[in-house]
Number of protein chains: 2
Amino acid sequence: MMTLDQMKDKDIGEIGTPERDKYEFDLRMEVLGNMIKSVRKERNLTQEQLGELIGVQKSQISKLERNTKNVTIETILKVFRALKANVRFSVEMNESEFKVA
Amino acid sequence: MMTLDQMKDKDIGEIGTPERDKYEFDLRMEVLGNMIKSVRKERNLTQEQLGELIGVQKSQISKLERNTKNVTIETILKVFRALKANVRFSVEMNESEFKVA
DNA sequence: AAAAAAGTTGAATTATATGGAAACTTTTGA
DNA sequence: TCAAAAGTTTCCATATAATTCAACTTTTTT
């Protein structure tokens, strides 16, 4: 028997290695992209309409959703604000947890 | 009597205006910067030491903490990973809440 | 099955985040 | 009070995120 974590360690690389870090990062970015898409759909907007709200072309929205790239906080907040959704992020170290708005 | 929100609307600008948006953004970035600083101190590290962990100069850490700039997700994750802290962000729209890892 | 709408992709451009080096300022502690 | 350590700032280079435009593909509608 093998746990999922063990499989990831073996197949992708141990935590801390560049390969594994990239994997974890890409994963989160992918989730983030999907998130934009989900909320947009929830709001019944096309990429073009969302683009208009923010002031960018539909192609830009497409790229954010399919996240070909790393993204800045500003962009994330801009998009979700247009979608009337709240982004909250928090940092937790062991016991304590610091909330960031 | 005036609520804090009313004061902000009046003094900084209504929500949605560029001025107010900038204010709200700067605020969150400031909190984020303070967050880095807090966790770093918690770990008893100097900016230089944290820099070494990541592979950047202390000046770079200073910039992140004082948030002279917008930041990419990657940078944020990189820093907090070095600090062995977990960043979690989630998106909430009205009722439902979507978790991003 | 065509036409229209929605979404994707690639190439190119612009804006800006990342980063280093060095000088400078502030804090710490001997 | 002075020296060392820590933190900040400025100037600069480089990398890359943000963005557009136009052509293309996929999905939806009629």
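Since the model is a prediction, treat every value here as computed from it, not as a measurement. Below, each value reflects all heavy atoms present in this structure, side chains not excepted, and no hydrogens, waters or symmetry copies. A, B, ... follow the sequence lines: proteins, then strands. Residue 1 opens every chain.
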Establish, with yes or no, whether the OP1 or OP2 oxygen of C:dA17 is under 4.0 angstrom from a side-chain nitrogen or oxygen of B:T72.
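So the side chain of B:T72 is outside the cut-off, no N or O lying under 4.0 Å from OP1 or OP2 of C:dA17.
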In whole Å, what is the span from the [atom1] atom of [X] to the [atom2] atom of [N]?
X     : N      : atom1 : atom2 : value
A:L77 : D:dA17 : CG    : C1'   : 15 Å
B:I73 : C:dT16 : CD1   : P     : 18 Å
A:K69 : C:dT18 : NZ    : P     : 15 Å
A:N70 : C:dA15 : CG    : C1'   : 16 Å
B:N67 : C:dT16 : CG    : C1'   : 15 Å
B:I54 : C:dG19 : CD1   : P     : 8 Å
A:N44 : C:dA5  : CG    : P     : 18 Å
B:Q57 : C:dA23 : CD    : P     : 14 Å

For the atom pair CD (B:E52) and CD1 (B:I61), what is the distance rounded to the nearest 0.5 Å?
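Taking CD in B:E52 and CD1 in B:I61, the distance rounds to 10.5 Å.
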Do side-chain atoms of B:E24 reach the backbone of B:D21 as a donor and acceptor pair under 3.5 angstrom?
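Not at all, since once roles are kept as given, no pair shorter than 3.5 Å links the two residues.
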Counting only N and O atoms by type, is there a donor-acceptor contact under 3.5 Å from the side chain of A:R20 to the main-chain atoms of A:E14?
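No, because the side chain of A:R20 does not come within donor-acceptor range (under 3.5 Å) of the backbone of A:E14.
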Below 3.5 Å, can you tabulate the donor-acceptor pairs from side chains in residues 70-81 of chain B to any protein atom, sequence neighbours excluded?
{"unit_1": "B:N70", "atom_1": "OD1", "unit_2": "A:E74", "atom_2": "N", "d": "3.3"}
{"unit_1": "B:N70", "atom_1": "ND2", "unit_2": "A:T72", "atom_2": "OG1", "d": "3.2"}
{"unit_1": "B:N70", "atom_1": "ND2", "unit_2": "A:E74", "atom_2": "OE1", "d": "3.1"}
{"unit_1": "B:T72", "atom_1": "OG1", "unit_2": "A:N70", "atom_2": "ND2", "d": "3.3"}
{"unit_1": "B:T72", "atom_1": "OG1", "unit_2": "B:T75", "atom_2": "N", "d": "3.3"}
{"unit_1": "B:T72", "atom_1": "OG1", "unit_2": "B:T75", "atom_2": "OG1", "d": "3.0"}
{"unit_1": "B:E74", "atom_1": "OE1", "unit_2": "A:N70", "atom_2": "ND2", "d": "3.1"}

N/O contacts under 3.5 Å, protein versus nucleotides 3-10 of chain D?
{"unit_1": "D:dG7", "atom_1": "OP1", "unit_2": "B:R40", "atom_2": "NH1", "d": "3.1"}
{"unit_1": "D:dG7", "atom_1": "OP2", "unit_2": "B:Q47", "atom_2": "N", "d": "2.7"}
{"unit_1": "D:dG7", "atom_1": "N7", "unit_2": "B:K58", "atom_2": "NZ", "d": "2.9"}
{"unit_1": "D:dG7", "atom_1": "O6", "unit_2": "B:K58", "atom_2": "NZ", "d": "3.1"}
{"unit_1": "D:dT8", "atom_1": "OP1", "unit_2": "B:R66", "atom_2": "NE", "d": "3.1"}
{"unit_1": "D:dT8", "atom_1": "OP2", "unit_2": "B:Q47", "atom_2": "NE2", "d": "2.6"}
{"unit_1": "D:dT8", "atom_1": "OP2", "unit_2": "B:S62", "atom_2": "OG", "d": "3.1"}
{"unit_1": "D:dT9", "atom_1": "OP2", "unit_2": "B:R66", "atom_2": "NH1", "d": "3.1"}
{"unit_1": "D:dT10", "atom_1": "O4", "unit_2": "B:K63", "atom_2": "NZ", "d": "3.3"}

May I ask you to list the residues sharing a hydrophobic cluster with B:Y23, side-chain cutoff 4.5 Å, ordered by chain and number?
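Besides B:Y23, the hydrophobic cluster comprises B:I12, B:L27, listed by chain and residue number.
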With a non-hydrogen cut-off below 4.0 angstrom, is A:G55 in contact with a base, only sugar-phosphate, or nothing?
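Sugar-phosphate, backbone atoms only, no base.
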Check whether more than 12 heavy atoms from other residues, nucleotides or ligands sit under 6.0 Å from atom CE of A:M7, and answer yes or no.
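Count not over threshold, so no.
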